[in-house]
Amino acid sequence: MTVEERIVAAVKEAIGEMAGQTIDTDQIVLQKTRKEFEGDLTLVVFPFAKRLGRPPGPLAEAIGQAVAGRVREVVFYNVAGGFLNLSLQPAYWLSFLETNAGNESYGYRPAPEKEQKPVVVEFSSPNTNKPLHLGHIRNNLLGFSVTRILEAAGHSVVKVNLVNDRGIHICKSMLAWMKYGKGETPGSTGKKGDKLVGDYYVKFESLLHEQVRRLIDSEGFSEEEARNRAPLMVEARELLRRWEAGDPEVTGIWKMMNAWVYEGFDATYRKMGITFDKIYYESDTYLLGRDIVRQGLSEGRLEKKDDGSVWADLSLWKLDEKLLLRADGTSVYMTQDIGTAQLRYDDFHPERMIYVVGNEQNYHFDVLKKVLTVLGKPYAGMICHLSYGMVELPEGKMKSREGKVVDADDLMDEMVETARRTTEELGKIQDLGQDETDSLNHMIGLGALKYFILKVDPKKNMLFNPSESIDFNGHTGPFIQYTHARIRSIMRSAGTERLAAPFPRLGERILNEKELSLLKNLHSFEGAVVEAAREFSPALIANYVYELCREYNQFYHEYSVLNEPDRSLSDFRLQLSRLTGLTIGNGMKLLGIGVPEKM
RNA sequence: GGCCCCGUAGUUCAACGGAUAGAAUAGAAGUUUCCUAAACUUUAGAUACAGGUUCGAUUCCUGUCGGGGCUACCA
């Protein structure tokens with residue numbers, strides 16, 4: 001049990017004895033004491049004052065006395081208004097540092113038992129006719145980081161990707177390539193496969209748009225009708241029909257073009273540093289949902305309309321009916337999601353299934369959960385939509401169809417290029433070889449980008465302005481990486497022998513303000529990890545690490561580590577720096593960001 | 001129209017209902033004989049508006065204004 005937990009327990013006990021009533025643990029608010037007050041931890045007493053009908057001041061006093069008597073580490077307390085400030089004995093902080101200074105996995109819970117049920121996290125989920133853009137970057141980084149955070153919090157995790165590789169939209173890019181491609185390939189054009197296919201999708205849409213406009217003008221059709229009647233659309237539907245019928249020519253082209261796309265995606269994932277444990281393809285799974293729906297129909301859980309379409313009645317939750325099978329028996333998006341959920345459940349028997357999907361699909365996931373409930377599926381309650389906000393451009397939402405996107409590859413390349421220029425300008429690392437320099441610049445460039453995105457609360461929309469490049473100074477990834485490099489530099493100078501020496505005895509020496517606040521900061525890393533796992537929020541880690549670095553840089557500026565003449569004090573600061581470095585590294589690892597030895 | 005989300009310094013982001021709303025950046029002024037100045041210090045600057053709930057509201061409720069999303073036999 002941590003000290004915080006023991007204090008909370010003591011408070012609970014004390015109040016129980018004083019008032020004869022029990023208080024919920026989560027009603028006991030213990031926060032860090034603000035800098036302007038004396039103490040380490042602060043208990044907010046107001047809520048209890050009200051319940052016990054006693055004035056806050058004296059009550060705080062009484063609780064303080066009780067806690068000091070029960071928790072050994074609490075050596076002093078003071079009351080300010082309705083706040084009870086508790087001070088821990090300095091030796092507590094020192095022993096904390098002593099036990100953790102060399103702990104490479106500080107902040108991480110031990111790996112889970114084999115029999116523990118995993119959490120399945122789906123993220124990325126690309127569409128094979130759209131190259132990845134900034135919106136996908138947020139999805140990928142979030143999803144990947146959340147899996148690392150869950151692992152650090154002691155969960156077993158499976159990372160899955162669901163590739164949307166079939167449907168009418170895929171036929172569109174195929175059709176455009178068949179009609180106008182003249183046999184182009186990634187090899188013949190030197191283009192990345194996903195980009196090449198994406199270009200044909202855009203080409204289809206723009207040609208279709210022309211046809212639609214002409215039909216509206218000449219025949220007076222409505223937009224919808226014109227879209228339906230446009231020759232290109234008719235051909236695309238015919239292509240889909242042939243695909244579903246297994247036409248060898250069509251599936252051959254489909255396989256070939258998909259292979260191009262996957263090669264392109266792989267390159268992008270590699271650059272981003274993202275990996276998966278399992279990749280699902282909708283073309284493999286889309287029929288499964290249909291069977292489940294038919295089964296549900298035969299069990300009387302669903303309704304069939306006169307035209308043959310199948311619906312789920314969600315009026316119990318004040319939602320509309322939801323279509324699950326069209327009149328012609330084909331499936332819709334929701335039908336597929338039912339199938340993939342089932343498959344995932346069968347494959348992993350998870351405790352939870354998390355979907356990292358944008359908040360534009362909030363309604364969809366609400367409905368999915370309800371539909372699975374109607375179907376009586378045991379995993380209906382396991383579905384958890386990790387809903388994140390859009391990345392907006394200054395002119396609004398990104399739209400693939402209109403080509404208004406920030407391309408993922410381009411953006412990453414620009415970041416690396418900026419890193420390269422900055423590294424050269426500063427000229428601090430001449431001793432590295434070309435390969436090392438390249439990988440350093442990659443680390444810094446990607447670090448800046450990833451941090452920029454992950455520091456924002458996932459739930460919130462965020463803005464990206466392409467004309468203002470992402471910063472490398474201030475509240476940024478490179479700032480954190482730089483702090484790490486500084487610390488590593490000290491570690492190298494100190495040498496392994498000194499680091500391995502017994503922990504210094506400081507005697508009666510009082511830690512200075514910076515040392516103490518650094519220690520407290522380090523101490524709260526574990527809590528930050530647990531909180532981030534509970535909230536699915538890498539932003540909490542990002543902001544924690546930043547705060548830690550700011551704290552360290554102030555300390556570094558004000559006090560010397562290796563040049564401190566008092567040897568034991570110098571050793572203490574060395575260990576303090578060491579744990580700071582480890583914590584920065586471990587924190588950044590949870591964000592999928594590397595930290596350098598030098599920069 | 002109905003439903004949901006969001007309005008915090010010029011800008012981008014913080015703040016379990018808790019003490020004087022934090023940072024960064026842009027602006028102004030400084031710090032290099034000292035372990036990496038991608039750093040540090042000082043300075044100025046914000047809760048859209050109007051009510052309510054409470055010991056206490058950026059946070060919860062209501063209304064107004066502003067922005068975004070969803071509301072497909074698209075995915």
Side-chain angles (χ1 to χ4, degrees), chain A residues 26 29-31 33-34 36-37 42 44-47 49-50 55-56 80-83 85 125 127 164 166-170 224 282 305 307 309-311 318-320 323-328 330-334 336-337 358-364 366 387 389-390 392 396-397 419 422-423 425-426 428-429 444 448 452 455-457 459-465 468 470-483 485-494 531 535 539-540 542-543 546-547 549-550 552-554 556-564 570 573-574 577 598-599:
Chain A
D26 54 326
V29 178
L30 199 61
Q31 58 197 20
T33 302
R34 298 190 63 130
E36 46 292 15
F37 297 92
T42 296
V44 185
V45 180
F46 289 105
K50 187 161 195 183
F83 298 91
N85 301 318
S125 311
N127 194 312
N164 182 342
R166 64 159 287 278
I168 187 75
H169 49 290
I170 307 299
E224 194 186 334
E282 273 186 13
K305 297 241 161 136
D307 64 359
S309 57
V310 178
W311 299 73
K318 303 207 162 107
L319 293 170
D320 285 342
L323 176 93
L324 297 179
L325 284 181
R326 295 188 184 103
D328 63 7
T330 56
S331 44
V332 293
Y333 181 43
M334 185 64 69
Q336 288 175 184
D337 262 5
N359 62 14
E360 56 197 348
Q361 294 198 36
N362 284 355
Y363 178 75
H364 172 79
D366 269 355
S387 162
M390 302 284 96
E392 283 166 358
K397 198 187 168 185
T422 312
T423 302
E425 274 166 28
L426 294 174
K428 294 198 212 173
I429 49 139
I444 296 171
F452 175 83
K455 76 171 179 185
V456 182
D457 181 342
K459 291 196 289 289
K460 293 188 180 166
N461 287 1
M462 62 178 291
L463 188 114
F464 175 78
N465 189 344
E468 296 168 13
I470 293 174
D471 239 304
F472 281 52
N473 297 319
H475 188 177
T476 67
F479 165 79
I480 291 164
Q481 292 170 322
Y482 172 72
T483 309
R486 266 185 158 176
I487 292 173
R488 291 306 304 161
S489 170
I490 295 177
M491 297 304 128
R492 280 192 302 276
S493 308
E531 182 70 6
E535 298 279 319
L540 295 177
N543 287 308
Y546 170 67
E547 193 54 44
C549 288
R550 237 164 44 92
Y552 186 81
N553 277 310
Q554 289 166 11
Y556 179 93
H557 187 258
E558 210 168 324
Y559 302 98
S560 200
V561 177
L562 297 178
N563 297 330
E564 164 58 45
S570 173
R573 288 180 182 164
L574 183 65
S577 301
K598 301 177 184 176
M599 73 183 269

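Order of the sequence lines sets the chain letters (A, B, ...), proteins ahead of strands, with each chain counted from 1.
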(request) Identify, with sequence neighbours excluded, every residue that meets salt bridge (charged side-chain N to carboxylate O under 4.0 Å, His left out) alongside Arg492(A). (result) Glu597(A)
(message) Among residues at least two apart in sequence or on other chains, which ones pass salt bridge (charged side-chain N to carboxylate O under 4.0 Å, His left out) with Glu547(A)?
(response) Arg550(A)
(message) I'd like to check the ring-ring contact (aromatic ring centres under 6.0 Å, His included) partners of Tyr546(A); sequence neighbours left out, ordered by chain and number.
(response) His475(A), Phe479(A)
(request) Classify every nucleotide of nucleotides 21-27 of chain B by which part a protein heavy atom approaches to under 4.0 Å, writing B for the base, S for the sugar-phosphate alone and - for neither, in 5'-to-3' order. (result) --SSS--
(request) Please measure how far the P atom in U59(B) lies from the corresponding atom in G69(B), and state the result in whole Å. (result) 25 Å
(message) Measuring only the P atom in each nucleotide, how far is A28(B) from A37(B)? A whole number of Å is fine.
(response) 24 Å
(request) State which residues pass salt bridge (charged side-chain N to carboxylate O under 4.0 Å, His left out) with Glu531(A); sequence neighbours excluded, sorted by chain then number. (result) Arg534(A)
(message) List the residues meeting salt bridge (charged side-chain N to carboxylate O under 4.0 Å, His left out) with Lys50(A), not counting sequence neighbours, and say none if there are none.
(response) none
(message) Tell me every residue that passes side chain to side chain contact (heavy atoms under 4.5 Å, CB included) with Glu468(A), counting only those two or more places apart in sequence or in another chain.
(response) Asn465(A)
(request) Determine, answering yes or no, if Phe83(A) is stacked on G18(B) under the 5.5 Å centre rule and the 30° plane rule. (result) no
(message) Tell me every residue that passes ring-ring contact (aromatic ring centres under 6.0 Å, His included) with Phe83(A), counting only those two or more places apart in sequence or in another chain.
(response) Phe46(A)
(request) Pick base, sugar-phosphate or nothing for Val332(A), based on heavy-atom distances below 4.0 Å to the nucleic acid. (result) sugar-phosphate
(message) Please report the distance separating the P of U8(B) from the corresponding atom of C13(B), rounded so that it comes out in whole Å.
(response) 10 Å
Got a list of protein N/O to nucleotides 54-61 of chain B N/O distances below 3.5 Å?
{"from": "U54(B)", "atom 1": "O3'", "to": "Lys50(A)", "atom 2": "NZ", "distance (Å)": "3.3"}
{"from": "C55(B)", "atom 1": "OP1", "to": "Lys50(A)", "atom 2": "NZ", "distance (Å)": "3.4"}

(message) Give the dot-bracket line for RNA chain B from 5' end to 3' end: parentheses for intra-strand Watson-Crick or G-U pairs under 3.5 Å, square brackets for crossings, | for inter-strand pairing, dots for unpaired.
(response) (((((((..((((....[...)))).(((((.......)))))....(((((..]....))))))))))))....
(request) Go through the structure and list residues passing side chain to side chain contact (heavy atoms under 4.5 Å, CB included) with Asp471(A), not counting sequence neighbours. (result) Asn473(A), Thr476(A)
(request) Ignoring backbone atoms, test whether Gln336(A) places a side-chain nitrogen or oxygen under 4.0 Å from the OP1 or OP2 oxygen of A75(B). (result) no
(message) Tyr333(A): which residues meet the ring-ring contact (aromatic ring centres under 6.0 Å, His included) condition with it, sequence neighbours left out?
(response) His364(A)
(message) On the nucleotide C73(B), are OP1 or OP2 found under 4.0 Å from the side-chain N or O atoms that Ser309(A) carries?
(response) no
(message) Here's a test of your reading of the structure: between Thr483(A) and Met462(A), which maps to the more 5' nucleotide of RNA chain B?
(response) Met462(A)
(message) Under a 3.5 Å cutoff, is there a donor and acceptor pairing between the side chains of Gln481(A) and Arg486(A)?
(response) no
(request) Establish, with yes or no, whether the OP1 or OP2 oxygen of A37(B) is under 4.0 angstrom from a side-chain nitrogen or oxygen of Arg486(A). (result) yes
